[in-house]
Amino acid sequence: MGLVVQKYGGSSVADAEGIKRVAKRIVEAKKNGHQVVAVVSAMGDTTDELIDLAEQVSPMPAGRELDMLLTAGERISMALLAMAIKNLGHNAQSFTGSQAGVITDSVHNKARIIDVTPGRIQASVDEGNIAIVAGFQGVSQDTKDITTLGRGGSDTTAVALAAALDAEVCEIYTDVDGVFTADPRVVKKARKIDWISFEDMLELAASGSKVLLHRCVEYARRYNIPIHVRSSFSGLQGTWVSSEPIKQGDKQVEQAIISGVAHDTSEAKITVVGVPDKPGEAASIFRAIADAEINIDMVVQNVSAASTGLTDITFTLPKTDGRKAIDALERTKAAIGFDSLRYDDQIGKISLVGAGMKTNPGVTADFFTALSDAGVNIELISTSEIRISVVTRKDDVQEAVRAVHTAFGLDSDSDEAVVYGGTGR
Ligand code: ADP
Ligand code: ASP
Ligand code: MG
């Protein structure tokens with residue numbers, strides 16, 4: 001039997017009991033004959049608490065120091081987990097991201113993995129140990145400083161290690177039984193998905209289904225690493241994310257027409273008001289945003305009013321980058337020549353995802369009808385081949401997700417989706 005990489009999220013290791021429960025699961029896999037590498041997140045809401053603490057001492061903490069602080073969270077859980085495993089009579093060694101060979105670029109707080117050199121991890125498992133790796137962190141190739149991979153980044157650590165170690169599978173253990181047709185915290189009638197393609201999962205993740213991080217799915221697709229998302233609190237089969245459908249008995253699981261509904265309330269929208277309608281204006285605006293290392297999501301440009309020759313450009317971005325974006329645009333105001341900026345962080349995004357959209361006409365019409373029947377006003381729209389997204393008021397999001405889920409026949413008629421832990425923070 002080969003090597004497996006298992007990743008345990010914060011809610012799975014929230015307290016001493018959780019750590020002991022996870023230790024037992026890892027030892028089970030080892031007893032079944034696998035070599036095991038376990039990637040862990042910080043306990044419970046530790047990362048949020050550390051960020052709160054940093055903001056109390058400085059409103060805009062330096063990226064380098066914030067990374068140094070946040071990586072402490074994963075160090076605590078990795079060491080405790082190794083101790084708990086040793087207590088069960090098995091050898092375990094814990095490693096920081098840097099020791100595990102996770103090499104990144106030097107962008108603090110959202111570094112990208114550029115290489116993984118897992119020599120120490122391979123040696124440790126070859127000696128018969130269980131290797132425990134701190135998720136979400138690495139070391140910059142250039143500056144040699146400690147970096148973090150962005151919120152939820154332990155998922156990416158796990159898949160990157162699975163690829164570098166040529167693992168059979170990457171198991172992502174979390175506080176729900178798999179990937180559902182909507183967030184089970186919002187839609188009680190959400191259904192567990194048995195298999196989902198990398199493509200549909202990428203769109204769900206990019207649209208806010210935080211059960212898997214977008215970058216982690218990208219990585220898994222690139223190296224063709226199957227992911228099994230499942231609960232660390234139950235023994236149930238979870239969701240397989242892979243390129244080819246899995247079999248159940250002798251039957252292939254079918255590709256769903258609509259995979260699910262995702263929502264995201266972590267974005268804000270900025271409107272640049274009164275932009276001269278001439279070539280190069282949009283380029284200057286988005287160059288300023290890019291130079292501030294901010295990723296944008298949707299972009300809409302209004303038709304200019306003939307009388308003024310001015311137009312408005314609206315885009316969405318992570319709320320956490322809001323301040324930085326406004327500052328960057330204000331600095332270039334004179335050069336670009338717009339009138340003013342409007343900032344709105346009371347928005348939410350709802351997305352419908354499914355490969356079947358390409359061949360089933362009417363999906364967009366049905367989506368908009370469901371929203372209108374629920375009395376939800378649409379502010380922005382964007383689409384890809386297999387996704388439709390709209391921006392609405394933040395307060396309408398939950399209602400809208402439930403309405404769309406029902407309208408597309410995704411509601412389950414059996415058990416309610418179980419959420420085993422976590423605070424949803
Ligand atoms: P972990 O701490 O294990 O990394 P996360 O909180 O990052 O866990 O991700 C698990 C959470 O993702 C679930 O508790 C659930 O609320 C949320 N979630 C959002 N969309 C989905 C979905 N489509 N299917 C399952 N969970 C989802
Ligand atoms: N602890 C980090 C976070 O809360 C990374 C992770 O959990 O994946 O974002
Ligand atoms: Mg997560």
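All residue numbers in this chain count up from 1 along the given sequence. Ligands are counted one by one from 1 in listed order, and the atoms in each one are counted from 1 as well.
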Ignoring hydrogens and angles, state whether a donor on the side chain of [X] or [Y] is under 3.5 Å from an acceptor on the partner side chain.
| X | Y | result |
| --- | --- | --- |
| His228 | Thr239 | no |
| Gln137 | Ser98 | no |
| Thr406 | Asp411 | yes |
| Ser232 | Arg21 | yes |
| Gln248 | Asp194 | yes |
| Thr147 | Thr104 | yes |

Which N/O atoms of ligand 2 sit under 3.5 Å from a protein N/O, and at what distances?
unit_1	atom_1	unit_2	atom_2	d
ligand 2	1 (N)	Thr47	OG1	2.8
ligand 2	1 (N)	Glu74	OE2	2.7
ligand 2	4 (O)	Thr47	OG1	3.3
ligand 2	4 (O)	Arg151	NH2	2.9
ligand 2	7 (O)	Ser41	OG	3.1
ligand 2	8 (O)	Gly152	O	3.4
ligand 2	8 (O)	Gly153	N	3.4
ligand 2	8 (O)	Ser154	N	3.0
ligand 2	8 (O)	Ser154	OG	3.1
ligand 2	9 (O)	Arg151	NE	2.7
ligand 2	9 (O)	Arg151	NH2	3.4
ligand 2	9 (O)	Gly152	N	2.8

| request: Below 4.0 Å from any atom of ligand 1, which residues have a heavy atom? Give them in chain and number order, please. | output: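 Its neighbours under 4.0 Å (heavy atoms only) are Lys7, Gly9, Gly10, Ser11, Tyr173, Thr174, Asp175, Val176, Gly178, Val179, Phe180, Ala182, Asp183, Pro184, Arg185, Ser209, Lys210, Val211, given by chain and number.
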| query | Salt bridge check: are Asp145 and Arg64 linked by an N-O gap of less than 4.0 Å? | reply |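 Arg64 and Asp145: salt-bridged.
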| task | Run the ring-centre check on Tyr173 versus Phe233 and record whether the distance is less than 6.0 Å. | result |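 Between Tyr173 and Phe233, the centre distance exceeds or equals 6.0 Å.
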| field | Any donor-acceptor N/O pair, Gln99 side chain to Thr96 backbone, under 3.5 Å | value | yes
